[in-house]
Amino acid sequence: MKTLTFILSLLGLALLTGIMAWLGIGHVFTAMQRIGVGGFLAMVAGQALVDVGLGTSWYLACPEVGLFRTIASRAVRDAAGNCLPFSQLGGMVIGIRATCSMPTLSRRLGPLQWPAAVATNIVDITTEVLGQIVFVIIALACLFSHTGANKFTWPVLGGMALLALGIAGFIWTQQRGGVAIHHAARFLGRHIAEGWRTTLIDNMDSFQGQLDLLWARPARIASGAMMHLLCWLGGAGVTWLSLELLGAHIGYIGAVAIEGVVCGIMSASFLVPAALGVQEAAYVALGYFFGIEAEISLGLSLLRRGRDIAIGIPVMALWQISEMRRLRASKHEAKASETLDYSDNATGSEAS
């Protein structure tokens with residue numbers, strides 16, 4: 001897996017370098033400068049609002065996790081996927097860790113153990129994919145009216161059909177998988193620390209029980225998926241605003257078509273860290289059908305990466321600070337316990 005991720009990263013970097021060399025770096029940066037500092041901050045603010053909505057989607061499906069914890073853990077999961085040299089699978093593992101360690105604002109909600117954290121992350125990812133499938137279908141409907149769009153429509157539609165079958169099987173596995181769930185947990189266990197691995201594998205019954213409890217509430221699952229769909233549509237709104245600021249006026253429907261198909265293509269390349277090169281090629285190719293200059297399309301993709309980094313780096317820094325404080329507190333508690341034991345033993349010896 002590590003070797004494949006490394007190879008795909010190199011291929012994606014080569015693709016990105018080739019696109020920039022073909023268009024000319026100077027022309028791309030000139031296009032990006034049209035947006036200005038204020039426009040870039042508007043992009044960041046719009047995406048931050050969408051990120052809050054994504055955390056709220058998770059909360060709607062799994063309210064026992066807590067609203068603050070779902071928003072914060074989702075932000076960490078996305079930041080790890082966008083800013084660190086991992087595939088999306090690596091971001092998910094870090095998101096699960098954040099779900100376990102993230103504090104909550106409510107005293108009624110205690111810390112989550114690994115089985116519950118893995119279960120709730122899996123359900124959130126599933127509801128997000130359900131919302132994404134509907135979003136991509138809407139985007140394809142918006143794309144049908146453009147000449148030559150069938151070059152993207154039918155392949156992406158076929159990919160979404162396969163994704164729909166895959167997610168249906170994934171949902172069935174979560175509810176009745178049994179052995180498959182155990183194999184998935186062991187696969188995940190090979191990519192996490194030994195202590196966490198032991199906790200996860202030794203508590204498989206608890207993990208399956210958590211999944212059963214979450215899937216026993218279809219209304220909450222549906223509300224989470226619907227909120228995810230609204231967030232995808234909100235992300236298309238951020239794309240529309242960005243294109244307007246860059247000087248490309250295609251309307252919101254066109255932005256939905258571009259963003260939806262790009263998301264579908266990126267989902268198919270989830271093993272490529274941060275969809276490096278894939279995202280840029282998709283934006284340039286789709287922009288062509290809407291009459292958008294290639295420099296603007298590539299500039300939009302690079303600005304999107306800059307936006308994700310502007311959000312992701314502070315999020316990862318805050319999470320690291322939180323982790324450091326938690327580890328220090330654990331060490332202090334351990335030292336205090338050792339001191340107490342020593343004192344008790346000394347007192348006992350004097351008494352004897």
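Rounding to the nearest 0.5 Å gives a distance of 11.5 Å between CZ of Arg77 and CG of Asn82. In this structure, the separation between SG on Cys263 and CD1 on Ile133 is 13.0 Å, given to the nearest 0.5 Å. Between atom CD1 of residue Ile258 and atom CG of residue Leu300 there is a gap of 8.0 Å, rounded to the nearest 0.5 Å. Here the CD1-OG distance, from Ile94 to Ser73, works out to 12.5 Å after rounding to the nearest 0.5 Å. Once rounded to the nearest 0.5 Å, the distance linking CZ of Arg305 with SG of Cys83 reads 10.5 Å.
When all heavy atoms of Ala257 and Cys142 are compared, the pair lying nearest together is CB-CB, 3.9 Å. Scanning all heavy atoms of the two residues, the minimum distance from Tyr59 to Gly66 falls at CD1-C, 3.7 Å. Of all the heavy atoms in Pro314 and Ala310, the pair that sits closest is CD-O, 3.1 Å.
Residues Ile250 and Leu243 have side chains in contact (heavy-atom distance under 4.5 Å, counting atoms from C-beta outward). At a threshold of 4.5 Å between non-hydrogen side-chain atoms, the residues Glu280 and Leu302 count as touching. Within the 4.5 Å cutoff, the side chain of Ser297 has no heavy atoms near those of the Leu286 side chain. With contacts defined as side-chain heavy-atom distances shorter than 4.5 Å, the pair Thr127/Ser57 does not qualify. Contact of the Ile296 side chain with the Arg34 side chain is registered, since non-hydrogen atoms from C-beta on lie closer than 4.5 Å.
For Ile71, the side-chain contact (heavy atoms from CB on, under 4.5 Å) partners are Val52, Thr56, Leu67, not counting sequence neighbours. Shown here are the side-chain contact (heavy atoms from CB on, under 4.5 Å) partners of Leu245, two or more places apart in sequence or in another chain: Ile35, Leu241. For Arg217, the salt bridge (Lys or Arg N to Asp or Glu O under 4.0 Å) partners at least two apart in sequence or on another chain are Glu64. Every side chain to side chain donor-acceptor pair (under 3.5 Å) that Asp51 has, sequence neighbours left out, goes to Gln47. Under the side-chain contact (heavy atoms from CB on, under 4.5 Å) criterion, Ala45 pairs with no residue, sequence neighbours left out. Every residue meeting the side chain to side chain donor-acceptor pair (under 3.5 Å) condition with Thr239, not counting sequence neighbours, appears here in chain and number order: Glu259. By the salt bridge (Lys or Arg N to Asp or Glu O under 4.0 Å) test, Arg307 is found to be paired with no residue, residues two or more places apart in sequence or in another chain being considered. Residues satisfying the side chain to side chain donor-acceptor pair (under 3.5 Å) test with Ser242, not counting sequence neighbours, are none.
Here Ile309 sits in one hydrophobic cluster together with Ile313; the rule is ILVMFWY side chains under 4.5 Å apart, joined directly or through other members.
Counting only residues at least two apart or on different chains, no side chain to side chain donor-acceptor pair (under 3.5 Å) pair has a member in residues 312-322. Applying the side chain to side chain donor-acceptor pair (under 3.5 Å) definition to pairs two or more places apart or across chains, none involves residues 134-143.
Val238 is not connected to Val136 by any chain of hydrophobic side-chain contacts under 4.5 Å among Ile, Leu, Val, Met, Phe, Trp and Tyr, and they are in different clusters. Both Met102 and Val315 are assigned to one and the same hydrophobic cluster, defined by single-linkage of ILVMFWY side chains at heavy-atom distances under 4.5 Å. A continuous path of hydrophobic side-chain contacts links Tyr283 to Met43 [ILVMFWY only; heavy atoms under 4.5 Å]. Hydrophobic clustering, with ILVMFWY side chains joined whenever heavy atoms are under 4.5 angstrom apart, groups Leu303 together with Ile292. The cluster map of Ile, Leu, Val, Met, Phe, Trp and Tyr, joined by side-chain heavy atoms under 4.5 Å apart, puts Tyr252 and Ile138 in the same cluster.
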query = Given Cys100 and Gln113, is the side-chain contact (heavy atoms from CB on, under 4.5 Å) satisfied, shown in steps?
reply = CA-CA 6 Å; Cys100 289; Gln113 299 302 317; over 6 Å; no
May I have the step-by-step check of side-chain contact (heavy atoms from CB on, under 4.5 Å) for Thr99 and Trp58, ending in yes or no? CA-CA 12 Å; Thr99 309; Trp58 187 352; 3.5 Å; yes
### Message
For a side-chain contact (heavy atoms from CB on, under 4.5 Å) check, start with the C-alpha distance between Phe135 and Val256, then their side-chain angles and the critical distance, and finish with the verdict.
### Response
CA-CA 8 Å; Phe135 175 60; Val256 169; 4.0 Å; yes
Note to self: Please determine whether side-chain contact (heavy atoms from CB on, under 4.5 Å) holds for the pair Trp215 and Thr126, giving the CA-CA distance in whole Å, both sets of side-chain angles, and the decisive distance to 0.1 Å.
What the structure shows: CA-CA 11 Å; Trp215 281 105; Thr126 305; 3.8 Å; yes
Side chains of residues 226-236: which donor-acceptor partners sit under 3.5 Å, not counting sequence neighbours?
| unit_1 | atom_1 | unit_2 | atom_2 | d |
| --- | --- | --- | --- | --- |
| His228 | NE2 | Asp124 | OD1 | 3.1 |

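Counting only distance, with no hydrogens or angles, the side chain of Gln210 and the backbone of Pro115 share no donor-acceptor pair below 3.5 Å. The backbone N or O of Gly55 lies less than 3.5 Å from a partner atom in the side chain of Thr70, making a donor-acceptor pair. When atom types are taken as modelled, the side chain of Ser301 and the backbone of Leu298 share no donor-acceptor pair closer than 3.5 angstrom. A donor-acceptor pair under 3.5 Å links the side-chain atoms of Arg69 to the main chain of Val65, judged by distance alone.
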